[in-house]
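I have placed the structure first, in the form of structure tokens, so that the comments after it can refer back to it.
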Amino acid sequence: MRSPMLDELAELDPARELRAPGHADDDALARILAQPRVAPAGERRPAARRPGRVAAAASAAAAVAVAVVVTTVTLDSPAAYASWTPVPDAVPEAEQELRTEQCGAGAAEIVDGPDGPVVQDSPVEPVLVDVRGDYTYVVMAGEGAYTECFVTAPADEPPTVVTAGAAGVDLPAPDARDLTTLQRGTASWSEGDGTEGALTSAFGQAGDDVAAVELTLTSGERVEASVADGWWAVWAPGGAALAARAEVTYTDGTTVMTDVMAGP
């Protein structure tokens with residue numbers, strides 16, 4: 001039995017004449033479905049997202065960002081010993097004296113004292129000054145003692161000085177056409193704080209007939225050593241930067257290859 005109340009409510013439904021959800025013989029529904037489904041002019045349908053491509057794009061962007069940072073750091077980093085030159089600068093004697101004032105005048109030696117070991121300075125004086133850009137490499141020597149002194153003096157800045165030496169050693173004079181090597185290899189004092197990085201140095205005594213000494217960097221570049229008053233010296237940026245062989249030129253113009261960087 002139908003309820004009179006439900007019949008009255010059905011009369012109030014505005015969609016009471018619609019047939020839902022629709023049938024195949026519904027003419028009105030057929031006409032709607034037959035219409036072409038085209039987006040309005042100027043409107044684009046949103047493309048389906050593809051997570052894989054989005055992730056790849058994000059990874060590529062991150063890689064570009066990293067590359068930019070690394071390049072910036074590299075370009076902004078100053079080169080160590082930037083003003084160094086493979087040929088020493090010709091410097092007047094008066095300027096050489098000014099450049100060596102910071103080096104002191106003694107080589108430290110530990111000796112036995114009455115109350116135990118004490119540090120004793122052996123007198124040394126400059127025997128060779130090698131100037132390359134902002135850098136001055138000084139060899140100092142005395143009776144049974146020697147010192148190497150490295151001075152960095154950029155324009156308008158106070159100089160930085162590092163020294164190292166030995167005392168109580170033999171310094172036999174070489175024959176006229178010989179070289180002796182007192183120090184060679186990566187300078188240990190160049191790897192501490194306050195320097196621009198490791199450097200390789202070599203120095204020793206030169207016979208009276210030695211006019212020039214030329215070495216080669218491990219990169220292949222040739223480097224001239226300073227030769228003066230029976231001494232020779234050379235240095236270059238980087239650890240183990242100098243090859244072992246050197247070309248020695250004599251006062252008569254003849255040359256010979258010799259080993260100056262080998263072990264003791």
Side-chain angles (χ1 to χ4, degrees), residues 70-91 95-96 98-104 126-141 146-166 179-206 212-228 231-249 257-264:
V70 171
T71 301
T72 302
V73 171
T74 301
L75 293 176
D76 289 344
S77 300
Y81 305 107
S83 63
W84 177 88
T85 57
V87 177
D89 300 338
V91 177
E95 184 177 341
Q96 291 184 23
L98 290 174
R99 287 174 175 260
T100 62
E101 286 181 349
Q102 308 292 327
C103 291
V127 294
L128 182 146
V129 180
D130 179 284
V131 178
R132 300 173 194 262
D134 295 333
Y135 314 99
T136 303
Y137 183 77
V138 184
V139 177
M140 309 178 74
Y146 62 80
T147 298
E148 53 183 335
C149 173
F150 191 79
V151 183
T152 303
D156 303 323
E157 293 185 24
T160 301
V161 182
V162 183
T163 61
L179 292 179
T180 63
T181 302
L182 297 175
Q183 285 284 11
R184 60 198 175 278
T186 304
S188 58
W189 46 262
S190 70
E191 299 178 296
D193 295 336
T195 70
E196 295 183 26
L199 63 83
T200 304
S201 63
F203 71 89
Q205 294 177 276
V213 179
E214 189 174 79
L215 292 86
T216 303
L217 296 180
T218 50
S219 64
E221 185 177 11
R222 297 179 74 83
V223 182
E224 289 186 19
S226 292
V227 179
W231 291 81
W232 69 276
V234 66
W235 72 276
L242 293 168
R245 304 286 285 173
E247 182 181 85
V248 179
T249 302
M257 295 299 295
T258 188
D259 196 333
V260 297
M261 297 294 291

Any donor-acceptor N/O pair, [X] side chain to [Y] backbone, under 3.5 Å:
X: S190; Y: L199; answer: yes
X: R132; Y: S83; answer: no
X: E148; Y: Y137; answer: no

Which heavy atom in [X] sits nearest to a heavy atom in [Y], and how many Å separate them?
X: G204; Y: W231; value: O-CE3, 3.2 Å
X: V213; Y: A246; value: CG1-CB, 4.1 Å
X: Y81; Y: A198; value: CE1-O, 3.8 Å
X: V139; Y: A233; value: CG2-CB, 3.9 Å
X: L179; Y: A206; value: CD2-CB, 3.6 Å
X: E196; Y: A82; value: OE1-N, 4.3 Å

For [X], enumerate each residue passing the side-chain hydrogen bond (donor to acceptor under 3.5 Å, both in side chains) test, keeping only those at least two apart in sequence or located in another chain.
X: Y146; value: none
X: R222; value: E214
X: R99; value: E95, T136
X: W235; value: D130

Rounded to the nearest 0.5 Å, how far does [atom2] of [Y] lie from [atom1] of [X]?
X: L215; Y: T258; atom1: CG; atom2: OG1; answer: 10.0 Å
X: T152; Y: E157; atom1: OG1; atom2: CD; answer: 10.0 Å
X: Q205; Y: L128; atom1: CD; atom2: CG; answer: 11.5 Å

Got a sec, which residues hit side chain to side chain contact (heavy atoms under 4.5 Å, CB included) with [X], two or more places apart in sequence or on another chain?
X: T181; answer: R184, W232, V260
X: T218; answer: none
X: T200; answer: T186, A241, L242, M261
X: S219; answer: L217, E221

Heavy-atom side-chain proximity of T163 to C149 below 4.5 angstrom: yes
Flag side-chain contact, heavy atom, 4.5 Å: V91 against V129: no
